[in-house]
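Below is one structure, written out as structure tokens, with a few remarks after it.
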Amino acid sequence: MALLCLSCLLIIFLQRPMAGSGSDATEDSEDSSAERDQANSSESDGNMPKRQRLTRASTRLSQSSQDTPDLKRAADHDESPPLTPTGNAPSSESELDISSPNASHDESQSKDQNNRDSDKDLSHRPKRRRCHETYNFNMKCPTPGCNSLGHLTGKHERHFAISGCPLYHNLSADECKVKAVSREKQEEEGKVQEDNSARHATRHQTPTPKQSRYKEQVTEIRKGRNSGLQKEQKEKHMEHRQTYGNTREPLLENITSEYDLELFRKAQARASEDLEKLRIQGQITEGSNMIKTIVFGRYELDTWYHSPYPEEYARLGRLYVCEFCLKYMKSQTILRRHMAKCVWKHPPGDEVYRKGSISVFEVDGKKNKIYCQNLCLLAKLFLDHKTLYYDVEPFLFYVMTEADNTGCHLVGYFSKEKNSFLNYNVSCILTMPQYMRQGFGKMLIDFSYLLSKVEEKVGSPERPLSDLGLISYRSYWKEVLLRYMYNFQGKEISIKEISQETAVNPVDIVSTLQSLQMLKYWKGKHLVLKRQDLIDEWKAKEIKRGNSNKTIDPSSLKWTPPKGT
């Protein structure tokens with residue numbers, strides 16, 4: 001009898017699982033029996049939650065995994081949190097997969113089923129919200145009377161800044177959508193034409209007949225512009241200004257030709273689309289400006305507009321820029337260390353002009369790409385509709401500096417296409433804020449026309465012009481025409497002769513004469529009136545100004561037109 005009992009005990013011992021002890025097996029059996037009782041009771045009354053059984057099962061599995069070497073090694077291998085698609089560690093537990101790697105497929109399915117059946121089980125989980133959507137619906141366009149619906153580009157249903165507000169630009173949401181469709185068609189046609197004509201292969205050849213016809217059409221459109229605002233139109237513009245003030249864009253109709261106005265609208269839509277993309281990416285937020293100030297040499301300048309600096313620099317309140325190589329830095333310490341090592345004292349390139357302390361350097365965007373890109377990023381802080389930042393290779397940059405015993409300090413610059421089909425002699429022009437209202441802007445403009453004279457061409461700035469650029473050019477054209485009238489001794493004057501002598505485009509000459517009320521139409525002919533009062537006023541200012549050094553001396557230019565590159 002005793003032998004029989006020992007053999008039974010031996011058989012029972014051999015049939016036990018090797019992973020646990022006898023106490024564990026007893027606890028398992030007790031737990032399983034308790035779970036069966038709980039399951040039966042839950043079926044009868046339906047008050048006991050089903051997740052308790054899963055919790056105990058997962059607890060037992062985790063306890064058994066601690067005793068298993070293979071599973072322990074696997075757990076040690078997965079100790080570090082998984083990376084998000086951006087390469088950063090997740091910010092909350094809601095982004096992690098916290099399901100046990102030892103859970104069976106059936107248990108995971110039952111867990112998902114229980115989660116779907118019970119809303120209370122999901123109440124403890126943090127809710128993930130999309131920051132951009134929450135941010136957008138809490139914002140409103142600052143334009144008075146605007147409901148934030150529509151977008152200037154015609155591609156978005158809502159807007160949250162003045163740059164994308166149709167109402168601010170005196171348009172409706174439907175008009176913006178119609179304009180967007182027409183722009184897309186024009187862009188598609190332009191792409192097809194570029195593919196067919198192989199633009200890069202024919203850059204240095206003569207214009208095609210189609211290009212010549214297009215140039216003639218543009219010229220005719222600009223000639224067909226109204227000579228000036230009529231009395232009713234002026235009253236309409238004044239009434240609009242008095243009613244809305246600065247909360248609306250001024251009326252632009254009849255101020256320039258329809259062609260130039262359409263170019264300006266396209267530039268506005270493109271700039272608004274760029275800002276919208278940056279906002280969606282989280283790089284900028286409306287109402288908070290990116291870089292507030294920059295430290296540039298001995299000046300601290302307040303920025304006017306957003307510039308697409310890298311994100312880590314754009315979110316800083318202050319940026320530090322080397323005034324010679326234009327490298328941007330994060331702190332004063334980094335700038336001080338950089339200045340101790342920086343060997344630059346003037347812009348790269350060739351010095352093509354020098355008179356006194358004023359010099360102009362010709363910088364090739366292809367040879368000095370980084371410097372020109374930094375120059376464009378710096379200029380965008382003070383220019384609203386500048387869209388070129390990185391594609392600088394097709395351009396030449398003429399950088400004006402003022403020299404002292406520390407080096408050549410940046411005054412301003414203008415860029416110019418190496419090969420311009422429409423004979424634009426300026427693509428982008430900027431005078432640094434600390435040098436504004438001192439005559440340097442007119443010097444840059446005069447220098448651009450001096451280059452056109454050497455090239456024996458008639459030049460004009462690229463449209464659309466910025467507000468400050470348009471004021472500067474109109475003032476320069478007015479001064480050129482009045483000087484020509486003062487020195488003119490003949491009886492008959494020709495706009496073509498004025499254009500050839502001054503290198504100013506005839507269209508710009510005509511628009512300036514119209515603004516000065518010196519061009520009249522009488523008996524089927526256009527007559528240029530010599531207004532002596534304006535000429536005397538200009539001469540008095542010249543005498544009062546005296547011998548200023550803020551003029552360009554053609555004899556100081558040492559430059560030959562660059563050949564095709």
Side-chain angles (χ1 to χ4, degrees), residues 139-183 221-222 225-226 228-279 284-290 303-307 380-387 428-430 461-474 511 515:
M139 290 193 62
K140 186 179 179 181
C141 177
T143 303
C146 181
N147 56 4
S148 298
L149 296 179
H151 200 279
L152 182 63
T153 60
K155 300 179 181 179
H156 306 281
E157 295 298 328
R158 298 176 66 86
H159 67 275
F160 309 97
I162 293 178
S163 61
C165 179
L167 185 62
Y168 174 81
H169 295 90
N170 303 312
L171 298 171
S172 64
D174 295 334
E175 290 176 344
C176 293
K177 292 181 179 179
V178 173
K179 290 180 179 294
V181 173
S182 63
R183 284 196 300 268
I221 292 174
R222 286 174 172 167
R225 186 179 72 87
N226 295 333
L229 295 176
Q230 302 296 329
K231 184 177 180 181
E232 297 179 356
Q233 295 172 345
K234 289 183 179 179
E235 293 177 355
K236 183 179 179 181
H237 283 239
M238 292 299 297
E239 182 181 358
H240 180 273
R241 187 62 180 234
Q242 293 175 357
T243 304
Y244 298 105
N246 295 327
T247 61
R248 295 282 183 89
E249 182 184 64
L251 296 178
L252 303 178
E253 287 73 14
N254 300 317
I255 292 180
T256 183
S257 65
E258 292 294 332
Y259 175 79
D260 293 324
L261 181 59
E262 185 64 24
L263 288 179
F264 178 71
R265 290 297 188 190
K266 288 181 180 179
Q268 279 186 323
R270 184 178 298 177
S272 178
E273 180 66 18
D274 293 340
L275 290 175
E276 187 70 18
K277 290 179 181 178
L278 292 175
R279 186 193 62 80
I284 63 170
T285 57
E286 290 80 359
S288 68
N289 196 12
M290 338 36 79
T303 62
W304 301 350
Y305 305 102
H306 169 74
S307 182
K380 182 60 182 74
L381 293 172
F382 308 103
L383 295 175
D384 188 8
H385 297 295
K386 181 175 176 58
T387 56
C428 178
I429 187 170
L430 169 75
E462 186 174 344
R463 267 69 170 184
L465 291 168
S466 63
D467 296 336
L468 294 177
L470 182 60
I471 294 173
S472 300
Y473 268 97
R474 282 181 175 173
S511 64
S515 63

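The first residue of the sequence shown is numbered 1, and numbering continues consecutively from there. Values below: every heavy atom of this structure, side chains too, minus hydrogens, waters and symmetry copies.
You'll find the side chain of Phe382 reaches within 4.5 Å of the side chain of Leu430, heavy atoms only. Here the side chains of Tyr473 and Leu465 are in contact, with some heavy-atom distance below 4.5 Å. Between Leu252 and Phe264 the shortest side-chain heavy-atom distance falls below 4.5 Å. The side-chain heavy atoms of Cys165 and Leu152, taken from C-beta on, include no pair separated by under 4.5 Å. Looking at heavy atoms from C-beta onward, Cys176 lies in side-chain contact with Pro166 at the 4.5 angstrom threshold. Side-chain contact between Leu149 and Arg158: present, with at least one pair of heavy atoms (C-beta onward) separated by less than 4.5 Å. With a 4.5 Å cut-off on side-chain heavy atoms, Leu171 and Lys179 count as touching.
In this structure a side-chain-to-backbone donor-acceptor pair under 3.5 Å is missing from Thr143 to Cys146. Of the possible donor and acceptor atoms, one in the side chain of Arg183 sits under 3.5 Å from a partner among the backbone N and O of Thr153. Of the possible donor and acceptor atoms, none in the side chain of Ser272 sits under 3.5 Å from a partner among the backbone N and O of Gln268.
Partner of Glu273 under the side chain to side chain donor-acceptor pair (under 3.5 Å) criterion, chosen from Lys155, His156, His151: His156.
Minimum heavy-atom separation, Ala267 to Pro464: CB-CG, 3.9 Å. Pairing each heavy atom of Gly150 with each of His159, the nearest pair is O-ND1, 2.6 Å.
For Tyr259, the side-chain hydrogen bond (donor to acceptor under 3.5 Å, both in side chains) test picks out Tyr214, with sequence neighbours left out. Taking Lys236 as the reference, nothing meets the side-chain hydrogen bond (donor to acceptor under 3.5 Å, both in side chains) condition, with sequence neighbours excluded. Listed by chain and residue number, nothing satisfies the salt bridge (charged side-chain N to carboxylate O under 4.0 Å, His left out) test with Glu235 (two or more places apart in sequence, or in another chain). For Arg463, the salt bridge (charged side-chain N to carboxylate O under 4.0 Å, His left out) test picks out Asp508, with sequence neighbours left out. Here Arg265 pairs with Glu249 under the salt bridge (charged side-chain N to carboxylate O under 4.0 Å, His left out) rule; sequence neighbours left out. In this structure, the ring-ring contact (aromatic ring centres under 6.0 Å, His included) partners of Tyr244, at least two apart in sequence or on a different chain, are His240.
Between atom SG of residue Cys141 and atom CG of residue Asn147 there is a gap of 9.0 Å, rounded to the nearest 0.5 Å. Here Leu167 contributes atom CG and Ser172 contributes atom OG; the two are 10.0 Å apart, rounded to the nearest 0.5 Å. To the nearest 0.5 angstrom, His306 atom NE2 is 7.0 Å from Lys380 atom NZ. For the atom pair CE of Met238 and OG1 of Thr243, the computed distance is 10.5 Å after rounding to the nearest 0.5 Å.
Sparse packing is recorded around CZ of Arg474, with 12 or fewer heavy atoms of other residues, nucleotides or ligands lying under 6.0 Å away.
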